[in-house]
Amino acid sequence: MGHGPMLRKEDARFVRGRGRFVDDVRLPGMLHGAILRSPHAHARILSVDVSAAESHPKVRAVITGETLAGRGLAWMPTLSHDVAAVLATDKVRYQGQEVVFVVAEDRYAARDALSLIEVEYEPLPPVIDARRALDPDAPVIRDDLDGRADNHVFDWESGDAAATDAVFASAERVSTCDLLYPRVHPAPLETCGIVADLDRITGKLTVHATTQAPHTHRMLYALIAGIPEHKIRIIAPDIGGGFGNKVGMYPGYLCSVVGSVLTGAPVKWTEDRSENLMSSSFARDYHMHGEIAATKDGRILGLRVRVLADHGAFNGTAQPSKFPAGFFHVFTGSYDVKAAHCRVTGVYTNKAPGGVAYACSFRITEASYLVERMVDVLSHDLGLDPAAVRMANLLRPEQFPYACATGWEYDSGDYPRTLTLALEMAGYDELRREQAERRAAYEATGRGSLMGIGISFFTEAVGAGPRRTMDILGLGMADGAELRVHPTGTAVLRVSCMSQGQGHETTFAQIVGEELGISPDDVELVQGDTDQTPFGLGTYGSRSTPVSGAAAVMVARKVRERARIVAAAMLEVAPEDLEWHKGRWQVAGDPAAGRTIAQIALAAHSDLDLPDGVEGHLDATCVYNPPNLTFPFGAYICVVDVDPGTGQATVRRFVAVDDCGVRINPMIVEGQVHGGLADGVGMALMELMAFDDDGNHLGASFMDYLLPTSMECPSWELGETVTPSPHHPIGAKGVGESATVGSPAAVVNAVLDAIGVRHADMPLTPAQVWRAVQGRPIRP
Ligand code: CDP
């Protein structure tokens, strides 16, 4: 009835161009905001003159840092217990930082008025290279923080340092490597935007916004602006991709609220592409020094990692409070190691804040890339086949649930089966033979392309998370769900998570349909409206299925149990005499005597006599506090062809075997995997937020920040294994981000395998590949 490859309900409107996004919201009397941004990466503000802008005939308000300071709103708390400037008052700390907000009668007038504003800056030397941020003579970026004399944000460690040192001291082989996971951007198709509308009579603030976490945003507005929570309604309409970019709070949002307060009219603000790329949350930017200890025949014994994390000008990462480096400490990946230890140091630089989980579960992408590169480096150093090294070290099925060296408990897995399937699908031995032939031909003739085969095996940790260990700003990460079955047997499910294109309207209806034995077409999903949905922390880190999805199952089961009591009254038997069979409650031993949910729903709303204490109607609520994260995993094999003359790498094939437990909608899962694989190809080969020495942003448009298109992607070859999660009520694990996490290492490993280079950093653009092969033998 429920699970299966159902077409997406929401596509009926999306493919007709009938989605309703924030920029489609038009309220009567609505005004428009625009932001003046800093041209400097680091500069003191000497003066701000807005008089000419204020006298523009269509300008209704001009908001400066001083305006906000007068209301105690010049600074806002970040999700990582730092503060960030809403509009700069003292200094600007990155290029593109917000300085003045103009509210005008139309978007064009607001933009025109920006050019009338005079800001006098005194440029300061910027800190652009994170590796220089802690130098004694480095300029101090955060002199707004009391007593701050350096650019240090935090030090954090995980694992047993002494045990790890001991393993390394006695290991036969230690391989080391410095790796950069460069700064990239989630770059959703729809940029960020808001329509803020404060009703001066009722005092109610209605916010239409591109938010992945409506309930968290409501609390943030209450905390920052002092508006009581019950007077705030957040409405997230259709969202054109979030990928972590739409989790946090941006200055443009708060300025729009203040604009509405000042003018008494709704204020819309929509970012343009450059604003989104320059100033909204970036991802990654981890400088990693990895060490891997092993026996000489390739048995991995330990991992040790030092990370320098570039957090930009404000520590605005979004992740559970107790994990300043997110879930980076899942860096032992899919392998059975004796000991592991990581130390992460966060630093401020003169770049935009962020460090968000871009299609990943809180820094696990960096961790997965690290370990999968290190395994290849080790294989390279030992002259061993990377597939064989992985197979020899993978966790074995009987080791689950598995407690890893840094304290995580992996729920379930059969890793060798998944890798074996991927190797078979790829025809691995045949590929290696072809590679050897091509190399020989190249060496003999100096012509032709080089072929590379890259493998990665990843384990993700998704579904944050158990309340005892995970919170964001003190909010536990449990999700509510409410389900009501109408008298005629159709249902409405209300959830706190928020689809950004993942197809929740379909899959959540499928979950309820499966549990209640009704058609998913008869289940409507309500999401993205804090007045209409129960509390919960939203959608990121692939938490929808593990947390809200589980809540949907549990609430449907509650309704089913209520239905059992009603059915028993209808059939004049005891509830214990009924069994659930193919969507009906029926009398055990007498299958003809039974009632469907639709029949029961009608009776539950009728004059049927129910047992004492049993209320009528058919509905329930629940709050789901996950006992653990879910641990999806997968084996990826990438085949590339590299032109040694130009350095151009082309992905020829990509085999991806994913295991996300039980699949609710296999077609949607495949779509999620396709998107993530394209993401991985992009990060491995072309995406980079680059800066020059002065802190000028070099990737502020899609002409410079290159996103992959179908032209760079092969026809993906997907496979699956199914290892249910033992603690999720239907055995499902999250999958939305698996492919983004797992694929970059496979592509990089393939390119480096082709050119025979031990390591080169992403993105492996033609120039980067060409540089990497210069002066090196093809097979070192
Ligand atoms: O939190 P987010 O929606 O980004 O990620 P997810 O929970 O992994 O779900 C992504 C999409 O795949 C949703 O529509 C899920 O319902 C669907 N899915 C599925 O059909 N089966 C799974 N085992 C996992 C996800």
Side-chain angles (χ1 to χ4, degrees), residues 2-11 14 186 188 212-213 236 239 241-247 318 356-362 364 411-412 460-465 477 479 481 493 495-515 520 523 525 527-528 536-553 624 626 629-634 658-676 679 718 720-725 727-742:
H3 302 174
M6 177 183 169
L7 286 175
R8 300 193 338 160
K9 290 176 160 204
E10 42 274 84
D11 285 346
F14 288 151
Q212 300 176 223
I239 293 188
F243 313 111
N245 189 234
K246 294 169 179 168
V247 174
V356 291
Y358 158 24
C360 101
S361 198
F362 313 116
I364 204 164
D411 57 351
S412 64
E460 250 217 298
V462 302
M477 301 189 80
D479 285 356
L493 174 73
V495 292
S496 55
C497 62
M498 181 63 216
S499 190
Q500 308 129 43
Q502 300 95 320
H504 290 182
E505 284 164 59
T506 308
T507 46
F508 279 74
Q510 290 183 276
I511 290 173
V512 171
E514 177 80 12
E515 295 301 321
V523 184
L525 182 74
Q527 59 177 342
L537 286 205
T539 291
Y540 40 84
S542 291
R543 64 186 300 279
S544 303
T545 302
V547 191
S548 280
V553 177
Y624 187 78
L629 304 183
T630 66
F631 291 76
F633 56 92
D658 272 275
D659 192 322
C660 59
V662 172
R663 296 179 176 208
I664 300 155
N665 185 323
M667 192 158 56
I668 285 183
V669 168
E670 289 194 357
Q672 295 288 301
V673 173
H674 284 184
D679 256 349
L718 305 190
E720 72 172 87
T721 56
V722 176
T723 315
S725 168
H727 63 79
H728 188 279
I730 55 170
K733 303 181 178 187
V735 76
E737 296 158 340
S738 291
T740 315
V741 172

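Atoms within each ligand, like the ligands themselves, are counted from 1 in listed order. We use all heavy atoms of the structure for the numbers below, so side chains are in, but hydrogens, waters and symmetry mates are not. Computed from a predicted model, the values in this text were never measured in an experiment.
Residue-level contacts of ligand 1 at the 4.0 Å heavy-atom threshold are Gln502, Gly503, His504, Thr507, Thr539, Ser542, Arg543, Ser544, Thr545, Pro546, Cys660, Val662, Arg663, Ile664, Asn665, Ile668, Val669, Gln672, Ala732, Lys733, Gly734, Val735, Gly736.
There is no side-chain donor-acceptor pair under 3.5 Å between Ser361 and Glu460. There is no side-chain donor-acceptor pair under 3.5 Å between Ser412 and Thr723. Side chains of Asn665 and Thr507: no donor on one and acceptor on the other come within 3.5 Å.
Side chain of Lys246 to main chain of Gln212: no donor-acceptor pair is present (N/O by atom type, distance under 3.5 Å, no hydrogens or angles).
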Side chain to side chain contact (heavy atoms under 4.5 Å, CB included), that's the test. Do Gln527 and Glu505 meet it? Break it down for me. CA-CA 9 Å; Gln527 59 177 342; Glu505 284 164 59; 3.8 Å; yes

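Residues Arg663 and Glu720 form a side-chain contact, since some pair of their non-hydrogen atoms from C-beta on lies under 4.5 Å apart.
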